[in-house]
Amino acid sequence: MASNQSDSTLAASKKHSYGIPSADKPTSRTADEVLRPEGAAADIHIEGGAAMSQLSPQRSHPRRTTSGRASLWKSRLSDDGYGFTSMGGEDETSNREDEEQAPEKQFEVQWDGDNDPMNPRCMSKARKWMIVGIVSAGSACVTCTSSMYTLTYSQITVEWHVSRVVATLGLSLFVMGLGIGPMVLGPLSEFYGRRPIYYISFFFFLVWLIPCALSKNIATELLVRFIDGLAGSAFLSVAGGTVGDMFVRNELKAPMMIFTASPFIGPPLGPMAAGFINQYTTWRWTFYALIIWSAVMLGLIAAFVPETYHPVLLRHKAIKLRKETGEEKWKAPIEVMQKSILQTILRSCYRPFLLLTLEPMCLSLCLFSALLLGVLYLFFGAFEVVFTNNHNFELWQVGLSFSGLLAGQLLAIATDPLWHYNYLRLVNNREKNGGEPGGSEPEYRLPPAIAGGLLVPVGLFWFAWTTYSSIHWIVPIIGSAVFATGMLLVFSGVFTFLVDAYPLYAASALAANSFTRSSFAAAFPLFGVQMYDKLGFQWATTLLAFLTLAMAPFPYIFFKYGRRIRGTSRFASGR
């Protein structure tokens, strides 16, 4: 889904990718090191969700801080591939000196040590993992909704007397909603917390599924699909942050692997389920099934997913302290934060486009990942054409043909330990050559993207020239699995590189990537079937393969010369 969708996570500890979490060691020049005032509390940030505050445990008694808002310092990053966190947390460098010179503050509320019952990290492991499972399933539900629609075309085109292109607009508009929504809705979690966003976004996501199922004409269907994508995007843009709220850095890898994979698993799961539904009943049951799933998810979220956003919880604690002590001086950091909702939203909207315009490195990698997601969404129409004409697949069999994409994504996730080992090897080699202990370079995140950049065209060429009816259908499906493996590896490397290379603007870099991907994912399905009809099954996919082949060198180029390029950049870290 338009990975943008979504926002909507990150690189946990500024290091986890949108599909696959990455290594835990700090970079040589992370955002914390660049801007955080001495004594200020650190933040952990997760791809695919809102930023996760990691405020250092402190006693709730008068204490001195270097800066009144030091413990609120944030560089919010996140992208589930589908969404991203709000940009509002990106530190405003122009205010640094003022904050460092601010009067020392007392009565700032923090956690009461490591066992504060209000701290989400003090919850039991069983409860934490239950919450991870719920938000992951909710993310998969949102992204699955985009692709399940694709197997309704054969029925709705007949019922409403519209062309396939018009019907495909329902997919494109939903994906655009997923891409645009987080820019406006994501920043709201900074002010109101995660739980209200969960409730409101998933409630309206469920509500707008109802007219999807009951609509009487294509105009209504297209409109409500777009609104439904907007509503679901808010959930994607903050859900990943909940994971980081609950787990400390050294525990974050496994839960983030599960969460960040869930939005990508949703798209191939959609056609697999919709194939059976639309084969044996009306297309409206596609949405009835989604309504049932969404209603169950909303109930689970309401019953079992509490507020976990640390600044908001500290505000609750400050309110409680003021009532108990009668001392109005008790304040949580978020209560003294001087930031408006409008400014935060505006910043989240314009800064991603600034990076795309002024940063060729960011633009190149965003275009590469956008091209891959565009191809994935183009396949939702192309698979039906290819396997129906060449192998006489029925609709349920067409749905199962997407199992290759799912298998490839799972394989990419399984290779994460390999890339983690390679990252540590590069870090150790840097230390041996005189680098600081534990230091890193953003370019060390790119090897998965380099390997994925090679696998993607291989998979597409494989798929292209095995789509003859004389070749067994399993062979092109295996080719699609190779493509999906490479695609997720590219996403992994690109997302984590952007986070490390643009530490002060990581959320904006991920937002730029998310918006670009959603745009391509929305556009490609509109011409996919026509391209396959005009060029033929083999040459249509071959054209896509050559496009990805042209983009494949960029991760390697930036791996070799990225540090030099960053040295001349206005936004990237120079070292």
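Bear in mind the structure is a predicted one, so any value in this text is a computation, not a measurement.
Between the side chains of Tyr502 and Ser569, no donor-acceptor pair is found at a separation under 3.5 Å.
For the pair Leu405/Ser480, a side-chain contact is recorded, criterion being any heavy-atom separation below 4.5 Å from C-beta on.
Thr496 places a side-chain N or O within 3.5 Å of a backbone atom of Gly493 that can act as its donor or acceptor partner. Between the side chain of Thr485 and the backbone N or O of Gly408, at least one donor-acceptor pair lies under 3.5 Å. Here the side chain of Glu443 pairs no donor or acceptor atom with the backbone of Tyr561 at under 3.5 angstrom. A donor-acceptor pair is defined here as one N or O able to donate and one able to accept, closer than 3.5 Å; no such pair exists between the side chain of Thr541 and the backbone of Ala464. Asn428 places a side-chain N or O within 3.5 Å of a backbone atom of Leu424 that can act as its donor or acceptor partner. Distance alone, capped at 3.5 Å, is enough to place a donor-acceptor pair between the Ser233 side chain and the Leu230 backbone.
With respect to Met297, the side chain to side chain contact (heavy atoms under 4.5 Å, CB included) criterion is satisfied by exactly one of Val135, Val305, Val142, Ile134: Ile134. Phe483 pairs in a ring pair (Phe, Tyr, Trp, His ring centres under 6.0 Å) with only one of the listed residues (Trp462, Phe379, Phe463), which is Phe379.
Considering CZ of Phe558 and CZ of Arg564, their distance stands at 13.0 Å, rounded to 0.5 Å. Leu367 contributes atom CG, which lies 9.0 Å from atom SG of Cys362 (distance to the nearest 0.5 angstrom). Rounding to the nearest 0.5 Å gives a distance of 11.5 Å between CG of Leu406 and CG of Leu411. Atom CZ of residue Phe554 and atom CG of residue Leu365 lie 8.5 Å apart, to the nearest 0.5 angstrom.
Note on Glu359 versus Arg566: no salt bridge recorded, every NZ/NE/NH1/NH2 to OD/OE distance being 4.0 Å or above. With respect to the salt-bridge test (charged N to carboxylate O, under 4.0 angstrom), the residues Asp245 and Arg121 do not qualify.
Evaluation of the side-chain contact (heavy atoms from CB on, under 4.5 Å) rule for Glu384 yields Leu151, Arg164, Thr388, Leu395, Val398 as partners, not counting sequence neighbours. Listed by chain and residue number, Phe383, His391, Phe393 satisfy the ring-ring contact (aromatic ring centres under 6.0 Å, His included) test with Phe387 (two or more places apart in sequence, or in another chain).
The cationic group of Arg445 lies under 6.0 Å from the six-membered ring centre of Tyr423 and within 45° of the ring axis, placing it in a cation-pi geometry.
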